[in-house]
Amino acid sequence: MNNLKYYRRAAGYSMNEFAHCIGISKKQYEAMERGDIDIPDNVQTIIVGLIAEGLGEFIDIDELFA
């Protein structure tokens, strides 16, 4: 289980917008949020950067993908 959905929403991104920002389809992104597929390390880094930018604060990768 990850906290991706909650952080994405708090950062102000819609699901479609966020999937587009990380360069994947909405269906792939939905599977990532549910935990059905693993999120590659390079994509995790992009996700953390986008969420930190949206929130305006540092986000610990372990907190996000716990």
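Note that these values count all heavy atoms, side chains included, but never hydrogens, waters or copies made by symmetry.
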Return yes when atom CG of Asp60 has more than 12 non-hydrogen atoms of other residues, nucleotides or ligands closer than 6.0 Å, and no otherwise. yes
inquiry  = Using modelled atom types and a 3.5 Å cut-off, is there a donor and acceptor pairing between side-chain atoms of Gln44 and backbone atoms of Ile39?
reply    = yes
When every non-hydrogen atom of Arg8 is compared with those of Met15, the smallest separation belongs to NH1-N, 3.2 Å
Would you give the length of the straight line joining atom [atom1] of [X] to atom [atom2] of [Y], rounded to the nearest 0.5 angstrom?
{"X": "Leu4", "Y": "Arg34", "atom1": "CG", "atom2": "CZ", "result": "12.0 Å"}
{"X": "Thr45", "Y": "Ile61", "atom1": "OG1", "atom2": "CD1", "result": "5.0 Å"}
{"X": "Lys27", "Y": "Asp36", "atom1": "NZ", "atom2": "CG", "result": "13.0 Å"}
{"X": "Lys26", "Y": "His20", "atom1": "NZ", "atom2": "NE2", "result": "14.5 Å"}

Contacts of Ala11 meeting side-chain contact (heavy atoms from CB on, under 4.5 Å) (sequence neighbours excluded), chain-then-number -> Tyr13, Ile51, Leu55
side-chain contact (heavy atoms from CB on, under 4.5 Å) filter on Ile24, not counting sequence neighbours, yields Ala19, Ile22, Gln28, Tyr29, Met32
Residues 37-64 vs ring pair (Phe, Tyr, Trp, His ring centres under 6.0 Å), sequence neighbours excluded, gives none
Would you please test Val48 and Phe65 for side-chain contact (heavy atoms from CB on, under 4.5 Å) and show each step? CA-CA 10 Å; Val48 170; Phe65 298 105; 3.9 Å; yes
#### Entry: Any Asn42 side-chain heavy atom under 4.5 Å of Ile46 side chain
no
